[in-house]
Structure formats: C-alpha cells, structure tokens
Amino acid sequence: KQEVTQIPAALSVPEGENLVLNCSFTDSAIYNLQWFRQDPGKGLTSLLLIQSSQREQTSGRLNASLDKSSGRSTLYIAASQPGDSATYLCAVRSIQGAQKLVFGQGTRLTINP
Amino acid sequence: NAGVTQTPKFRILKIGQSMTLQCAQDMNHNYMYWYRQDPGMGLKLIYYSVGAGITDKGEVPNGYNVSRSTTEDFPLRLELAAPSQTSVYFCASRLGDLGNTEAFFGQGTRLTVV
C-alpha cells in the first residue's frame with residue numbers, strides 16, 4: 001500500500017529565502033507525482049505534475065524534482081514571497097491502484113514579510 | 001471555463017439527516033473522485049469513477065454512496081449523517097491514462113454534522 005509523507009508539517013521562513021519542501025513515498029512504482037497548493041478554506045490548485053520518466057519540472061519560481069528509485073520528491077521555491085504562504089500537498093499515482101491519488105498530509109508554509 | 005464545480009459550499013446537517021453533495025465537470029474527463037479532508041490531515045479517497053456507469057470504493061466509503069449516470073456529474077450521497085462525517089469534501093476529475101493526467105479539484109464543500 002502506497003504511503004506518502006511530507007516533512008516538515010509546518011515551516012516558517014523570512015521573505016526572500018529559497019526553500020525546499022519534501023515528499024517521500026514508499027512504493028517507487030508510480031505513474032506520476034503532483035504538487036498542489038491549498039489556501040485556507042479553499043480547494044487545491046495544481047502546481048506541477050511530474051511523470052515517472054521525468055526528473056524535474058519547472059514553473060516560474062517553482063521547481064519540482066523526482067527521484068523515483070529513492071521514493072523522494074522536492075519542491076523548490078525561489079525568492080519566497082508572502083503570497084506563497086499556503087499548505088503544499090504532494091500526491092502520488094501508483095501503478096498498482098492506478099486510478100487513485102494518494103496524498104501526503106501537507107506542509108503548511110508561512111512566509112514572513 | 002468552469003472546471004470542477006461543487007455545490008453547496010457550506011452545509012450544516014443534523015444527525016440522521018441525509019443530503020447529496022453535487023459535483024460537475026465540463027472538461028469531458030473520464031475519471032472523477034470524491035475525497036474528504038479532516039483538519040491537519042491529507043485527503044482520503046471515498047469513491048471514484050472511471051466513466052459513466054462505473055463506480056468503485058476508495059479508502060473510506062462507509063456511510064456514503066455515489067452514482068455516475070453521465071460523464072459530467074458525480075454526486076455523493078450521505079445517508080443518516082453522523083458527526084464523524086464532519087469534514088471538507090473535495091471532488092476531482094482527471095482526463096484518463098494517456099498523456100497529461102493532471103487532476104483538477106473543486107473548491108470543496110464544508111459539512112458540519114451536529
């Protein structure tokens with residue numbers, strides 16, 4: 001059974017810093033991994049989707065990497081801004097049970113002005 | 001471009017009442033999902049559907065029912081509401097297994113059972 005873990009549960013950094021959020025998964029047989037952003041009381045917004053054959057994906061100040069063999073993904077945020085404050089969730093679609101996304105518990109990020 | 005639309009946004013139910021959470025998508029996606037999110041937790045899958053007429057249970061299906069009569073709609077039915085069903089419910093959709101399989105989520109329904 002696929003399990004997804006995100007550490008830390010919460011992170012607070014000053015504005016302007018570069019930061020890394022971590023996501024680990026137990027079963028490396030995956031189709032893809034997706035990073036989401038969730039603002040308080042809101043739905044999930046897709047940030048990046050990495051296919052199993054890819055090593056990284058970039059969108060603006062965001063860069064997500066995938067190391068399938070070690071069961072790890074990182075989301076790198078460059079030059080953080082207060083508007084980046086949100087909860088970041090990663091989700092994995094495994095080859096076994098391929099219809100489903102399995103989510104981590106999220107990292108609550110606060111960027112201090 | 002509506003994407004995934006959920007109604008209602010908020011609802012308070014009394015124990016034992018029933019209700020239907022509505023979900024509609026206009027992207028012609030085959031796959032649709034219902035998740036629940038409890039405070040400080042990740043999302044847990046309730047039910048999913050791979051196409052009209054086909055549904056299957058997720059991790060936490062007890063107390064819920066679904067139907068998928070059309071590609072666009074995937075309602076979630078709560079019978080005999082219990083306090084344990086207090087949660088935020090998210091509907092999601094995905095095109096399928098070929099190409100870009102990005103999942104899109106609705107804005108959620110916040111349900112309180114008292």
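Here is the naming used below: chain letters follow the sequence lines, and residue numbers restart at 1 for every chain.
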Give, as side chain, backbone, both or neither, the part of B:Leu43 having an atom under 4.5 angstrom from any heavy atom of chain A. both

Find out whether B:Arg94 and A:Arg93 are in side-chain contact, i.e. whether some heavy atom of one side chain is under 4.5 Å from a heavy atom of the other. yes

What closest approach, in Å, do B:Tyr35 and A:Lys100 show between heavy atoms, and which atom pair accounts for it? OH-C, 4.4 Å

Tell me, yes or no, whether the heavy-atom count around B:Ile15 atom CD1, taken from other residues, nucleotides or ligands under 6.0 Å, exceeds 12. yes

Do A:Ile30 and A:Val102 sit in the same hydrophobic cluster, where Ile, Leu, Val, Met, Phe, Trp and Tyr count as joined when their side-chain heavy atoms come under 4.5 Å apart? yes

Distance-only, no hydrogens or angles: does the A:Gln34 side chain make a donor-acceptor pair with backbone N or O of B:Glu102 under 3.5 Å? no

Contact between A:Leu44 and B:Phe90 at the side-chain level, heavy atoms closer than 4.5 Å - yes or no? yes

Once rounded to the nearest 0.5 Å, what's the spacing between atom OG1 of A:Thr87 and atom CD of B:Gln37? 8.0 Å

Out of curiosity, does A:Leu89 fall in the hydrophobic cluster containing A:Leu75 (side-chain heavy atoms, cut-off under 4.5 Å, transitive links)? no

Is there a chain of hydrophobic side chains (I, L, V, M, F, W, Y, each step under 4.5 Å between heavy atoms) that links A:Leu49 to A:Leu66? no

When you group the ILVMFWY residues by side-chain heavy-atom contacts below 4.5 Å and let the links chain together, are A:Val92 and A:Leu21 in the same group? yes

Counting only non-hydrogen atoms closer than 4.5 Å, does B:Phe104 touch chain A with its backbone (N, CA, C, O), its side chain (CB onward), both, or neither? neither

Kindly give the heavy-atom pair with the smallest separation between B:Ala103 and A:Ser46, and that separation in Å. O-CB, 4.2 Å

Reported OH-to-CG distance for the pair B:Tyr31 and A:Leu101, which is rounded to 0.5 angstrom: 12.0 Å

Among the clusters formed by ILVMFWY side chains lying less than 4.5 Å apart, do B:Tyr48 and B:Ile46 turn up in the same one? no

If you measure from CZ on A:Phe103 to NZ on B:Lys44, what distance do you get to the nearest 0.5 Å? 11.5 Å

Whatever's closer than 4.5 Å to a heavy atom in chain B on A:Gln6 counts as neither

So which part of B:Gln6 gets closer than 4.5 Å to some heavy atom of chain A, the side chain, the backbone, both or neither? neither

